[in-house]
Amino acid sequence: MKTIRIFIASSSELKGDREEFRAFISRENDRLHTKGIYLKLEQWEFFKDSISSTRLQDEYNEAIRQSDLVLCLFYTKVGKYTAEEFYTAYEIFKAQGRPRIWTYFKNAAINVGAITDEINTLLEFKRKLGELGHFHTEYTSIDNLINKYRSQLDMILPEYESDSRPEQVETANESSDEKEEGPVENSFNEVLTKNLLEAISTHNRKAGDFLSANADWAENEDLVKTAKRIIIGGYVGVIGGQIRKLMSIGAEDYSDSKMMRYLENCQITAKRGLQLICYAMLSSLWDHQLADKIEFSSSQKDGLVKFFRNAAEEDILAFVELLGHLLEIYTDNKLDFLISESLHLLTGLQEDGDIRNACLKLNESSQLLKNASYTLEDCLEAEKNLSVVLESLSFLSEYRMISINEIDFNQQRNDHEGLYLHNYTLLVGESLANNESQSSVRRESSPVISHAVIIFKDNYRNNINLDPFIIDLNGLKLEGGSKICFYSHANTYDDLSLNYSFIEDNSKEIIKKSSNPRPSDSSLNVLNSWLSKKENRIDMNLDKVYSLFFEAKKALTGVEEEFAEDSF
């Protein structure tokens with residue numbers, strides 16, 4: 001196994017980008033281990049002061065000397081240690097011809113109030129880079145950074161493959177030669193863009209106006225880009241975010257990695273769409289069940305129990321089945337549901353229905369990915385099947401999603417009523433790529449539920465609260481921006497912890513019941529003292545998600561929490 005050491009340097013303000021880059025490297029390792037390659041990431045969070053008998057920065061510099069690749073990220077400032085790390089790498093490169101060095105500057109919106117004199121360090125550093133003849137690159141979001149760097153890796157990894165797995169590299173090169181006889185047609189996203197733009201045009205005014213004014217849009221490269229942005233912004237929240245990733249992958253140069261990720265994301269995007277409807281229906285059904293108990297058929301109850309007791313993440317077909325059961329429950333009992341358009345999906349989910357067939361074919365891509373035997377035709381087929389699923393969900397372009405964070409009460413002198421200030425993040429396809437996005441504030445005369453992701457159509461007070469099935473982990477942890485996570489499964493036969501998937505990179509987040517109980521409300525002094533500590537409020541928020549899941553489970557299935565018995 002050939003180990004390639006990658007050192008990543010940046011200031012603390014880009015911690016979120018570093019974490020998501022680390023998740024990207026982890027995903028790459030899943031793919032590269034079959035080629036005898038392991039990417040070992042070194043970043044300053046991995047070092048401990050206690051292990052250094054010298055200046056800690058010397059530990060970093062020694063790690064740079066041992067590295068093959070160095071990646072430097074900058075935003076609004078250049079810390080002296082990050083600059084030192086770059087110059088250390090540069091001097092070693094001049095002497096040894098390694099490590100390779102990349103510098104990326106984040107070009108994204110900046111809160112003007114956060115700009116300080118330290119921005120001068122950024123300008124000075126860029127000037128020095130120019131004097132050194134070192135070219136830097138800009139990136140706009142973590143997706144953009146990952147796509148840019150993946151292209152660089154794809155170019156240099158064959159050097160390491162030839163060192164570690166000569167026989168496989170020869171085979172891979174032969175296969176590549178076969179694929180690249182003549183120009184490779186990079187037709188990704190064409191079917192998706194055309195079909196989805198037309199599908200949402202009856203629900204989304206911007207899409208409708210665009211089509212009316214630009215009948216030949218598909219022949220104009222600039223208008224194609226506009227069409228893609230309309231689709232990304234048109235589909236509700238998390239679905240727009242998934243489409244954005246597909247559009248981003250589709251725009252890359254042709255590579256084996258691109259095909260793999262495109263297939264994976266076609267599957268994930270379809271599953272997220274079905275999950276969103278399922279989770280909205282489960283949440284509303286929970287409310288119906290508490291108000292007026294409903295009797296389920298045996299197959300419907302079995303479907304609900306299976307969902308709540310799953311001990312591993314289900315595939316797309318499992319959500320086809322779950323959605324079918326939920327739609328039957330709503331139609332059999334004539335239950336009201338905010339997203340009423342979804343009730344028409346039942347026909348497409350039945351045997352030989354178009355949605356079911358498309359999901360069956362998408363699910364078959366798992367075997368292609370497992371065997372690494374996919375082709376351009378497989379990608380186009382997956383794109384067509386995804387289009388079928390997303391076209392059936394085109395009504396979601398009439399809905400919006402927001403994450404409600406903290407709610408403050410503001411009352412000035414001589415103001416007898418006061419106002420509630422709802423701090424929220426509007427979840428749209430583009431903004432989901434920026435986990436440092438700033439929240440907005442809405443002034444209202446009464447509060448809504450805080451720390452919740454909600455979906456609504458016209459009036460945001462008439463909404464579906466998706467908690468605990470879809471959560472904003474950053475909001476719950478009282479951090480900036482949003483980190484939207486979908487419920488995945490529970491460790492039913494172990495510690496009962498809840499598993500969630502972060503929608504941007506599918507990384508796992510786990511919520512366990514804390515051992516930090518909230519004090520009784522009977523002693524306000526004790527409670528206030530406890531709430532004054534941020535870590536206690538975070539535990540309270542996460543414990544609430546945990547308890548809500550098991551309350552929903554009991555209400556919808558009758559199954560209590562399944563604690564393991566003590567053994568003596």
Side-chain angles (χ1 to χ4, degrees), residues 191-192 195-204 207 231 234-240 242-243 266-288 294 296-297 299-304 306-307 314-364 382-401 455-458 463-464 466 469-470 486-487 556:
V191 172
L192 194 68
N195 291 358
L196 298 192
L197 185 65
E198 292 176 355
I200 68 171
S201 63
T202 57
H203 305 281
N204 182 284
I231 294 168
Y235 270 89
V236 64
V238 293
I239 308 305
Q242 294 294 145
I243 296 171
C266 281
Q267 284 186 321
I268 292 170
T269 302
K271 186 165 82 167
R272 292 285 181 255
L274 297 179
Q275 280 181 310
L276 177 59
I277 300 298
C278 284
Y279 292 166
M281 298 193 89
L282 282 168
S283 187
S284 294
L285 184 59
W286 179 15
D287 293 337
H288 282 298
I294 302 161
F296 306 130
S297 70
S299 62
Q300 292 166 355
K301 183 171 182 180
D302 288 345
L304 293 172
K306 181 176 182 291
F307 168 77
E314 290 279 28
D315 61 20
I316 186 174
L317 295 181
F319 286 98
V320 169
E321 297 298 328
L322 177 61
L323 183 54
H325 290 308
L326 289 167
L327 289 169
E328 288 176 356
I329 290 171
Y330 274 81
T331 53
D332 290 350
N333 295 278
K334 296 181 173 58
L335 301 178
D336 291 331
F337 182 52
L338 176 64
I339 313 176
S340 58
E341 301 93 336
S342 60
L343 300 177
H344 300 296
L345 297 174
L346 189 55
T347 302
L349 294 170
Q350 292 173 347
E351 202 70 33
D352 290 329
D354 57 345
I355 302 174
R356 177 183 286 273
N357 286 336
C359 290
L360 280 168
K361 292 175 183 176
L362 282 168
N363 203 54
E364 291 171 0
E383 183 178 321
K384 290 177 180 176
N385 289 314
L386 173 62
S387 293
V388 171
V389 177
L390 292 182
E391 285 176 78
S392 71
L393 302 178
S394 59
F395 55 82
L396 287 176
S397 62
E398 296 187 26
Y399 290 81
R400 288 179 287 174
M401 292 178 69
I455 185 169
F456 61 96
K457 190 171 186 178
D458 300 313
N463 65 69
I464 299 175
L466 298 165
F469 306 111
I470 300 178
F486 275 48
Y487 170 75
L556 293 175

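Quantities reported herein were computed from a predicted structural model and do not represent experimental measurements. Positions are given from 1 along the sequence. FYI, side chains are in, hydrogens and waters are out, and symmetry mates aren't considered; it's all heavy atoms of this structure.
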With rounding to the nearest 0.5 Å, note down the distance linking [atom1] in [X] to [atom2] in [Y].
X	Y	atom1	atom2	answer
Leu196	Leu390	CG	CG	5.5 Å
Glu198	Ser394	CD	OG	11.5 Å
Leu317	Leu322	CG	CG	12.5 Å
Glu391	Asp354	CD	CG	9.0 Å
Ile339	Glu398	CD1	CD	11.0 Å
Leu343	Met281	CG	CE	5.5 Å

Over all atoms of both residues, closest heavy-atom pair of [X] and [Y]:
X	Y	answer
Lys457	Arg400	O-NH2, 4.2 Å
Tyr399	Leu338	OH-O, 3.2 Å
Ala207	Leu197	CB-CD1, 4.1 Å
Lys271	Glu314	NZ-O, 3.1 Å
His325	Gly303	CD2-CA, 3.9 Å
Leu362	Cys266	CD2-CB, 4.1 Å

Is there a donor-acceptor pair under 3.5 Å between the side chain of [X] and the backbone N or O of [Y]?
X	Y	value
Ser284	Ala280	yes
Glu383	Val191	yes
His344	Ser392	no
Asp315	Ala318	yes
Tyr330	Leu285	yes

**Item:** Audit row: Leu466, Leu276, side chain to side chain contact (heavy atoms under 4.5 Å, CB included) steps and yes/no
**Value:** CA-CA 9 Å; Leu466 298 165; Leu276 177 59; 4.2 Å; yes

Report yes if the side chains of [X] and [Y] come closer than 4.5 Å at any heavy-atom pair, otherwise no.
X	Y	answer
Ile316	Gln267	no
Leu327	Leu323	yes
Ile277	Leu396	yes

**Message:** side chain to side chain contact (heavy atoms under 4.5 Å, CB included), that's the test. Do Ile470 and Ile455 meet it? Break it down for me.
**Reply:** CA-CA 11 Å; Ile470 300 178; Ile455 185 169; over 6 Å; no

**Request:** On the 0 to 90° scale, with breaks at 30° and 60°, tag the Tyr487-Phe307 ring pair as parallel, tilted or perpendicular.
**Result:** perpendicular

**Prompt:** Phe456 pairs by side-chain contact (heavy atoms from CB on, under 4.5 Å) with which of Val236, Ile464, Asn463?
**Reply:** Asn463

**Matching residue for Leu393 among Leu345, Ile239, Ile355 - test: side-chain contact (heavy atoms from CB on, under 4.5 Å)** = Leu345

**Message:** Let's go through Glu321 and Lys306 carefully: what are the C-alpha distance in whole Å and the side-chain angles of both, what is the deciding distance for salt bridge (charged side-chain N to carboxylate O under 4.0 Å, His left out) to 0.1 Å, and is it a yes or a no?
**Reply:** CA-CA 11 Å; Glu321 297 298 328; Lys306 181 176 182 291; over 6 Å; no

**Item:** side chain to side chain contact (heavy atoms under 4.5 Å, CB included) between Leu304 and Leu326, intermediate numbers included
**Value:** CA-CA 9 Å; Leu304 293 172; Leu326 289 167; 4.0 Å; yes

**Request:** Kindly determine whether Asn333 and His288 satisfy side chain to side chain contact (heavy atoms under 4.5 Å, CB included), including the steps that lead there.
**Result:** CA-CA 11 Å; Asn333 295 278; His288 282 298; over 6 Å; no

